[in-house]
Chemist: 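Here's a structure for you.
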Amino acid sequence: MGRLDNKVALISGGARGMGAVEARLFAGEGARVVIGDVLEDEGRKTEAEINETGGECLFLNLDVTSESSWDQAVAATVARFGKLDILVNNAGIFRTQGVEETSEDLWEQVMEINAKGVFLGTKQAIPEIRKAGGGSIINISSVAGLTGGARSAAYRASKGAVRLFTKSTAIQYAKEGIRANSVHPGIIDTPMTAPNLMADEDSRNTSASRHPLGRVGQAEDVAYGVLFLASDESSFMTGSELVIDGGLTAQ
Ligand code: NAP
């Protein structure tokens, strides 16, 4: 028995990083999984790996900033697997600039992908999740959506938006059995942080030391939390925030 038997999940930004680890974990727990990403080669690779190891996975080209792209992705998910139960809004980009260093273009790019992308995915997925009789939406925010900082102004604003958009979704759709929760990872070792927070030994040590547990997170640390929120084990959770940060925001 898998924890996601008979469920169909769509994971944005699932070609690599945390989304790809979640896709593998979900498939191993019995879900049929669609990964949508702008990275075609890496997406096809993840799709093949999952299908070769006994899972069921479909890769789709998805640009989360485009409503028609979401519309097509949701339709293709239902065409292939018959329904949609779980949406993981995971796609995102990280930018480190502070307030005065942030150009208007940079602000718009970050908000388009990280905040508008979550809105559009939620909007397009809800009619199908409703048809499935309810389901679970998991929005990947960040510790940067909980606390301020001297850098990453646009990123923090976008992740803060995800936090409250999630609660609004949760309240609006609770009566229909559609749950929505946000996830707030600390620094995680993925391709996103490889060129910045994990770029060299000094950066890696600084990043690790920010977490009371003395290390950065691995994608699996977050994926297990996302799995819990996707499964019926979390059926009494909605509008909540799952913080997976090695104690970073407890200080
Ligand atoms: P990642 O390895 O960069 O994976 C994110 C994926 O989303 C990439 O494949 C990326 O492609 C894709 N993407 C970007 N723009 C897209 C778009 N418009 N449409 C569809 N896909 C798009 O990052 P990750 O570390 O796994 O992060 C996953 C999520 O966790 C993000 O929302 C991130 O903000 C959040 N998060 C990460 C950390 C961390 O420390 N890693 C901490 C807290 C929260 P490109 O390469 O083209 O950008």
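Whatever order the structure lists ligands and atoms in, that order sets their numbers, starting from 1.
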Chemist: Check ligand 1 against Ile187 and write out every atom of the ligand that is under 4.0 Å from a heavy-atom position of the residue.
Modeler: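 With Ile187 as reference, the close atoms of ligand 1 come out as 40 (O).
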
Chemist: Among Asn90, Val183, Val118, which residue places a heavy atom closest to atom 32 (O) of ligand 1?
Modeler: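 Of the listed residues, Asn90 has the closest heavy atom.
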
Chemist: Side chain, backbone, both or neither: which part of Thr193 has a heavy atom under 4.0 Å from ligand 1?
Modeler: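 Under 4.0 Å from ligand 1, Thr193 contributes side-chain atoms alone.
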
Chemist: So does Lys7 pair up with Asp232, basic N to acidic O under 4.0 Å?
Modeler: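 Yes, this pair counts.
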
Chemist: Measure the distances from the heavy atoms of Ser141 to every atom of ligand 1 and state whether one is below 4.0 angstrom.
Modeler: yes

Chemist: Hey, does Thr65 come in under 3.5 Å of ligand 1, counting only N/O atoms on both sides?
Modeler: no

Chemist: Is it possible for you to say whether Ile93 and Leu106 belong to one hydrophobic cluster, with membership spreading through side-chain heavy-atom contacts below 4.5 Å?
Modeler: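 Yes, because Ile93 and Leu106 connect within a single hydrophobic cluster, where side-chain heavy atoms sit under 4.5 Å apart.
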
Chemist: I need the nearest protein heavy-atom contact for atom 9 (O) of ligand 1: residue, atom name and distance, please.
Modeler: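 That would be Asp37 OD2, 2.8 Å.
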
Chemist: Carefully, step by step, assess Ser203 and Asp200 under the rule side chain to side chain donor-acceptor pair (under 3.5 Å).
Modeler: CA-CA 5 Å; Ser203 311; Asp200 50 39; 2.7 Å; yes

Chemist: What is the closest protein heavy atom to atom 5 (C) of ligand 1, and at what distance does it sit?
Modeler: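 Going by distance alone, atom 5 (C) of ligand 1 is nearest to Gly92 O, 4.0 Å.
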
Chemist: Take atom CG in Asn205; do more than 12 heavy atoms of anything else shown fall under 6.0 Å from it?
Modeler: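 Counting neighbours around CG of Asn205, more than 12 heavy atoms of other residues, nucleotides or ligands fall under 6.0 Å, so yes.
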
Chemist: Is a side-chain donor-acceptor pair under 3.5 Å present for Thr96 with Asn196?
Modeler: no

Chemist: N/O to N/O below 3.5 Å, does that happen between Ile93 and ligand 1?
Modeler: no

Chemist: Tell me if the CZ atom of Arg151 is crowded by more than 12 foreign heavy atoms within 6.0 Å.
Modeler: no

Chemist: Any chance CD of Gln251 has more than 12 other-residue heavy atoms, nucleotides or ligands included, within less than 6.0 Å?
Modeler: yes

Chemist: Tell me the contacting part of Ile113 for ligand 1: side chain, backbone, both, or neither, using a 4.0 Å heavy-atom threshold, strictly below.
Modeler: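 For Ile113, the contact with ligand 1 is made by the side chain alone.
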
Chemist: Which bit of Val64 gets closer than 4.0 Å to ligand 1, counting heavy atoms only: side chain, backbone, both or neither?
Modeler: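 Answer for Val64: both.
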
Chemist: Hydrophobic clustering (ILVMFWY, side-chain heavy atoms < 4.5 Å, transitive) - are Val162 and Ile113 grouped together?
Modeler: yes

Chemist: Tell me: protein heavy atom nearest atom 25 (O) of ligand 1, and distance?
Modeler: Thr190 OG1, 2.5 Å

Chemist: Under 4.0 Å from any heavy atom of Leu62, which atoms of ligand 1 are there?
Modeler: 19 (N), 20 (C)

Chemist: Where's the contact between Phe94 and ligand 1, heavy-atom distance under 4.0 Å: side chain, backbone, both or neither?
Modeler: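 Contact part for Phe94 vs ligand 1: neither.
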
Chemist: Begin from the C-alpha positions of Glu201 and Arg204 and carry the test salt bridge (charged side-chain N to carboxylate O under 4.0 Å, His left out) through to its verdict.
Modeler: CA-CA 5 Å; Glu201 204 181 336; Arg204 286 195 292 275; 5.5 Å; no

Chemist: Could you tell me the residue and atom name of the protein heavy atom closest to atom 18 (N) of ligand 1, and the distance to it rounded to 0.1 Å?
Modeler: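 For this ligand atom, the closest protein heavy atom is Asp63 OD1, 3.0 Å.
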
Chemist: Tyr155 to ligand 1: N or O pair under 3.5 Å?
Modeler: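 Such a contact does occur with ligand 1.
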
Chemist: Does Glu128 come within less than 4.0 Å of Lys131, counting only side-chain N to carboxylate O?
Modeler: yes

Chemist: Apply the side-chain hydrogen bond (donor to acceptor under 3.5 Å, both in side chains) test between Thr166 and each candidate in Thr238, Asn139, Asn181; give the one that qualifies.
Modeler: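 It is Asn139, the one option of Thr238, Asn139, Asn181 that forms the side-chain hydrogen bond (donor to acceptor under 3.5 Å, both in side chains) with Thr166.
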
Chemist: Please write down residue, atom name and distance for the protein heavy atom closest to atom 16 (C) of ligand 1.
Modeler: Val38 CG2, 3.8 Å

Chemist: Is it the case that ligand 1 has an N or O less than 3.5 angstrom from some N or O of Met18?
Modeler: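 For ligand 1, there is an N or O atom that lies under 3.5 Å from one belonging to Met18.
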
Chemist: Please check if the side chain of Ser158 supplies one atom and the backbone of Val110 the other of a donor-acceptor pair under 3.5 Å.
Modeler: no

Chemist: Are Lys45 and Glu42 ion-paired here, with the side-chain N under 4.0 Å from a carboxylate O?
Modeler: no

Chemist: If we set the cut-off at 4.0 Å for heavy atoms, which region of Leu39 has an atom near ligand 1: side chain, backbone, both, or neither?
Modeler: side chain

Chemist: Looking only at protein heavy atoms, which one is nearest to atom 40 (O) of ligand 1, and what is the separation?
Modeler: Ile188 N, 2.8 Å

Chemist: Evaluate whether atom CG of Asp5 has more than 12 neighbouring non-hydrogen atoms of other residues, nucleotides or ligands under 6.0 angstrom away.
Modeler: yes

Chemist: Counting only heavy atoms closer than 4.0 Å, does ligand 1 sit against the backbone of Glu42, its side chain, both, or neither?
Modeler: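 Neither part.
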
Chemist: Considering non-hydrogen atoms of the protein only, which is the closest contact for atom 7 (O) of ligand 1, and what is the distance?
Modeler: Gly13 CA, 3.4 Å

Chemist: Flag Gly19 as yes when one of its N or O atoms lies below 3.5 Å from any N or O atom of ligand 1, and as no otherwise.
Modeler: no

Chemist: Just which atoms of ligand 1 are under 4.0 Å from any heavy atom in Gly186?
Modeler: 40 (O), 42 (C), 43 (C)

Chemist: From atom 46 (O) of ligand 1, work out which of Met192, Gln109, Lys159, Arg16 has a heavy atom at the shortest distance.
Modeler: Arg16

Chemist: Provide the number and element of each atom of ligand 1 under 4.0 Å from a heavy atom of Gly17.
Modeler: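 Those of ligand 1 that fall under 4.0 Å from Gly17 are 2 (O), 26 (O).
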
Chemist: For the atom pair CD (Glu108) and CD (Glu104), what is the distance rounded to the nearest 0.5 Å?
Modeler: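 The CD atom of Glu108 sits 5.0 Å away from the CD atom of Glu104.
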
Chemist: So for ligand 1, is Asn114 a polar contact partner (N or O within less than 3.5 Å, distance only)?
Modeler: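 N/O-N/O distance under 3.5 Å: no.
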
